[in-house]
S.K.: 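Handing you a structure now.
We count residues from 1, following the sequence as given.
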Amino acid sequence: MRILSILSLSLFTLISTAQKDPLDFYGDVMTNAVEGAHRSYAADIFYKELVSKLKEPNSFRDPMADIEWISKLYAADSTFRVLSYQVKINDDNFESYGFVQRQNGVVIPLVNKSAELEEDIEYLSLDQDNWLGVLYYNMLEVEIEGKINYLLFGYDGYSKYDRRKVVEVITEVTDKGVLFGNEIFIEEREGERPDKKQRLLIQYSGDSNVTFNYDDGLEMIVHDHLITRMGLMPGQGATQVSDGSLVGYKFKEDGYWHFIEKIYDYISEEAPRPVPVFDGKKKDTNIIGNEVKKKKKRPKN
């Protein structure tokens, strides 16, 4: 009887917690549950609860600081914000969710079509209904021809063996939608036509430490130089890993980010490690950059 009472009390506590703060509860489950089915179920409820919250009056003014499971990036003039998060359903399936919310309260859901965007991703113009689903961790604003371009740096769990990072571009946000992509990244090769891209994307092995971000000191977008090798994980095959050096993109007066093949004045502080580390964040922070709070353990599902 005592065991039954303890189980009943635990169940009551879980139900009460879920009802009191569903975003925190289901966000925890969709991130930390052992079973993929439980994470998927929690993700569905979390999404519905988040939509409801965003539809509340003056919700744009709510920073949602207590919701640690999602990334929240704001335009410098606070005209809009981008919300994004990612859920690992199983080893080969990561589901991405995103919203753009305008200052006037209009919410624009981003529809993840990454599974259908496997070819020429860097050259496509996209919108809110054709979104390359990723978790954004940084935003950079650049004025090009008198118009602000918002560069979003994002991470994608992608697959069992490989990860991806992307630099997406937002050129327009209106009540009707969002425009992604702008042909502002250029790589010039001698004797060839310049290769112009609308966004940047790299794919690399999940056990390789790869940086992709804006470096204030260098005033460049930088990422690890990748080389091909056979993967170390069983069944992985050929993959891309960091060789410890960096390449980058430098913004110039012509309005393009120019590819720099070698960054000579950068010295890596440490050799590449076979552990996923996201942009130098400490162990007590997550991919979004938020401090990880230690919580009391809940019964395993």
S.K.: Rounded to the nearest 0.5 Å, how far apart are CG of Leu50 and CH2 of Trp69?
M.R.: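 Taking CG in Leu50 and CH2 in Trp69, the distance rounds to 14.5 Å.
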S.K.: Do Glu95 and Ile89 pass the side-chain contact (heavy atoms from CB on, under 4.5 Å) test, and can you show the C-alpha distance, the side-chain angles, and the key distance before you say yes or no?
M.R.: CA-CA 7 Å; Glu95 188 60 55; Ile89 304 304; 4.2 Å; yes
S.K.: Do the side chains of Asp21 and Tyr26 get nearer than 4.5 Å, heavy atoms only?
M.R.: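 Not touching, per the 4.5 Å side-chain cut-off.
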S.K.: Under the side chain to side chain donor-acceptor pair (under 3.5 Å) criterion, do Asn149 and Glu141 qualify, and how do the steps go?
M.R.: CA-CA 6 Å; Asn149 283 235; Glu141 300 183 18; over 6 Å; no
S.K.: Go through the steps for Ser96 and Gln86 under the test side chain to side chain donor-acceptor pair (under 3.5 Å), then give the verdict.
M.R.: CA-CA 4 Å; Ser96 300; Gln86 194 167 80; 2.7 Å; yes
S.K.: For Glu118, does the CD atom have more than 12 heavy-atom neighbours from other residues, nucleotides or ligands under 6.0 Å away?
M.R.: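 It does: Glu118 CD has more than 12 such atoms within range.
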S.K.: If the threshold is 4.0 Å, N to carboxylate O, is there a salt bridge linking Arg229 and Asp207?
M.R.: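 Yes, this pair counts.
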S.K.: List in chain and number order the residues that pass salt bridge (Lys or Arg N to Asp or Glu O under 4.0 Å) with Asp92, two or more places apart in sequence or in another chain; answer none if no residue qualifies.
M.R.: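 If we apply the salt bridge (Lys or Arg N to Asp or Glu O under 4.0 Å) test to Asp92, skipping adjacent residues, there are no hits.
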S.K.: Main chain of Leu232, side chain of Gln236: is a donor-acceptor contact present, judged purely on distance under 3.5 Å?
M.R.: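 Between the backbone of Leu232 and the side chain of Gln236 there is a qualifying donor-acceptor contact (under 3.5 Å).
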S.K.: Has the side chain of Asp120 got a donor or acceptor atom that lies under 3.5 Å from a matching backbone atom of Tyr123?
M.R.: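 A pair under 3.5 Å: no.
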S.K.: Taking everything shown except Lys48 itself, do over 12 heavy atoms lie less than 6.0 Å from its NZ?
M.R.: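 No - once you tally the heavy atoms of other residues, nucleotides and ligands closer than 6.0 Å, there are 12 at most.
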S.K.: For residues Val210 and Arg163, determine if any side-chain heavy atom of one lies less than 4.5 Å from a side-chain heavy atom of the other.
M.R.: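 They are not in contact (no side-chain heavy atoms under 4.5 Å apart), so the answer is no.
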S.K.: Any donor and acceptor pair, going by atom type alone, linking the side chain of Arg199 with main-chain N or O of Leu124 inside 3.5 Å?
M.R.: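 It does hold such a pair.
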S.K.: Do any N or O atoms from the side chain of Arg39 and from the backbone of Val34 form a donor-acceptor pair under 3.5 angstrom?
M.R.: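 Pair found, side chain donor or acceptor close to backbone of Val34.
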S.K.: Please answer whether the main-chain N or O of Leu218 pairs with a side-chain N or O of Lys250 as donor and acceptor at a distance below 3.5 Å.
M.R.: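 Yes; judged by distance alone, with no hydrogens or angles, the pair exists.
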S.K.: Report the C-alpha separation of Asn182 and Gln198 in whole Å, then their side-chain angles, then the decisive distance to 0.1 Å, and conclude whether the side chain to side chain donor-acceptor pair (under 3.5 Å) test is met.
M.R.: CA-CA 4 Å; Asn182 192 7; Gln198 303 222 35; over 6 Å; no
S.K.: How would you list, by chain and number, every residue that makes a ring-ring contact (aromatic ring centres under 6.0 Å, His included) with Tyr214, sequence neighbours excluded?
M.R.: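 Per chain and number, Tyr214 pairs via ring-ring contact (aromatic ring centres under 6.0 Å, His included) with no residue.
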S.K.: Using the six-membered ring of Phe60, assess whether NZ or CZ of Arg81 lies under 6.0 Å from its centre and within 45 degrees of the ring axis.
M.R.: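 That pair qualifies as a cation-pi contact.
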S.K.: Output the distance between atom OH (Tyr161) and atom CG (Asp91), rounded to the nearest 0.5 Å.
M.R.: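 Reported to 0.5 Å precision, the distance equals 8.5 Å.
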S.K.: Answer yes if the side chains of Asn209 and Ser242 hold a donor-acceptor pair under 3.5 Å, and no otherwise.
M.R.: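 Their side chains do not contain a donor-acceptor pair, so the 3.5 Å distance test is not met.
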S.K.: Quick one: are the ring centres of Tyr150 and Phe80 less than 6.0 Å apart?
M.R.: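 Here the rings of Phe80 and Tyr150 have centres that are less than 6.0 Å from each other.
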S.K.: Can you name the closest pair of heavy atoms from Tyr136 and Leu132 and give their distance?
M.R.: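 Smallest interatomic distance, heavy atoms only, reads OH-O, 4.4 Å.
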S.K.: Show, in sequence, the C-alpha distance, side-chain angles and deciding distance for Val167 and Tyr249, and conclude whether the side-chain contact (heavy atoms from CB on, under 4.5 Å) test is met.
M.R.: CA-CA 11 Å; Val167 182; Tyr249 287 82; over 6 Å; no
S.K.: If I take atom CZ from residue Arg164 and atom CZ from residue Phe212, how far apart are they, to the nearest 0.5 angstrom?
M.R.: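 Arg164 CZ to Phe212 CZ: 12.5 Å, rounded to 0.5 Å.
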S.K.: If you define the side chain from C-beta out and look only at heavy atoms, does anything of Lys53 sit under 4.5 Å from Asp62?
M.R.: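 Yes; the side chains approach each other to less than 4.5 Å.
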S.K.: May I ask you to check whether over 12 heavy atoms, not counting those of Arg193, lie within 6.0 Å of atom CZ?
M.R.: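 Incorrect, the count does not exceed 12.
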S.K.: Treating Lys262 as the side-chain partner and Val247 as the backbone partner, does any N or O pair qualify as donor plus acceptor under 3.5 Å?
M.R.: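 Checking the backbone N and O of Val247 against the side chain of Lys262, no donor-acceptor pair under 3.5 Å is found.
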S.K.: Got a second to check how far Leu179's CG is from Ile170's CD1, nearest 0.5 Å?
M.R.: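 Those atoms lie 9.5 Å apart.
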S.K.: Among Ile70, Val87, Asp28, which residue satisfies the side chain to side chain contact (heavy atoms under 4.5 Å, CB included) criterion with Phe46?
M.R.: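 Result: among Ile70, Val87, Asp28, Ile70 is the only option passing the side chain to side chain contact (heavy atoms under 4.5 Å, CB included) with Phe46.
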S.K.: Is it the case that over 12 heavy atoms from other parts of the model lie below 6.0 angstrom from the CD atom of Glu261?
M.R.: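 No.
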S.K.: Does Val222 offer a backbone N or O that forms a donor-acceptor pair with the side chain of Asp215 under 3.5 Å?
M.R.: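 No, Asp215 side chain to Val222 backbone: no donor-acceptor pair under 3.5 Å.
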S.K.: Measure the CZ-CD distance between Arg61 and Glu56 for me, rounded to the nearest 0.5 Å.
M.R.: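 Here the interatomic distance stands at 14.0 Å.
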S.K.: Between Val178 and Phe180, is the side-chain contact (heavy atoms from CB on, under 4.5 Å) condition met? List the steps.
M.R.: CA-CA 7 Å; Val178 183; Phe180 293 105; 3.7 Å; yes
S.K.: Under a 3.5 Å cutoff, is there a donor and acceptor pairing between the side chains of Gln103 and Ser78?
M.R.: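 There is no such pair (donor and acceptor under 3.5 Å, judged by atom type) between the side chains of Gln103 and Ser78.
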S.K.: In the structure I gave you, are the side-chain heavy atoms of Leu54 and Phe99 within less than 4.5 Å of one another anywhere?
M.R.: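 In contact.
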S.K.: Judged by atom type as modelled, is there a donor-acceptor pair below 3.5 Å linking the side chain of Glu122 to the main-chain atoms of Leu201?
M.R.: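 Looks like yes, one N/O pair under 3.5 Å.
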S.K.: For side chain to side chain donor-acceptor pair (under 3.5 Å), just list the numbers for Gln240 and Ser205, CA-CA rounded to whole Å, side-chain angles, deciding distance to a tenth of an Å, and then say yes or no.
M.R.: CA-CA 6 Å; Gln240 298 284 305; Ser205 177; over 6 Å; no
S.K.: Quick one: do Lys165 and Asp156 make a salt bridge, cutoff under 4.0 Å?
M.R.: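 No salt bridge links Lys165 with Asp156.
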S.K.: Say you draw a straight line from CG of Leu226 to OG of Ser208; how long is it, rounded to the nearest 0.5 Å?
M.R.: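 Rounded to the nearest 0.5 Å, the CG-OG separation comes out at 7.0 Å.
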S.K.: If the plane angle is over 60° it's perpendicular, under 30° parallel, otherwise tilted; pick one for Trp257 and Phe251.
M.R.: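 Answer is tilted, since the angle falls between 30° and 60°.
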S.K.: Between Phe185 and Ile221, is there a side-chain heavy-atom distance shorter than 4.5 Å?
M.R.: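 Heavy-atom side-chain distance check passes, below 4.5 Å.
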S.K.: Is it the case that the ring center of Tyr85 lies less than 6.0 angstrom away from the ring center of Tyr47?
M.R.: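 No, the ring centres sit 6.0 Å or more apart.
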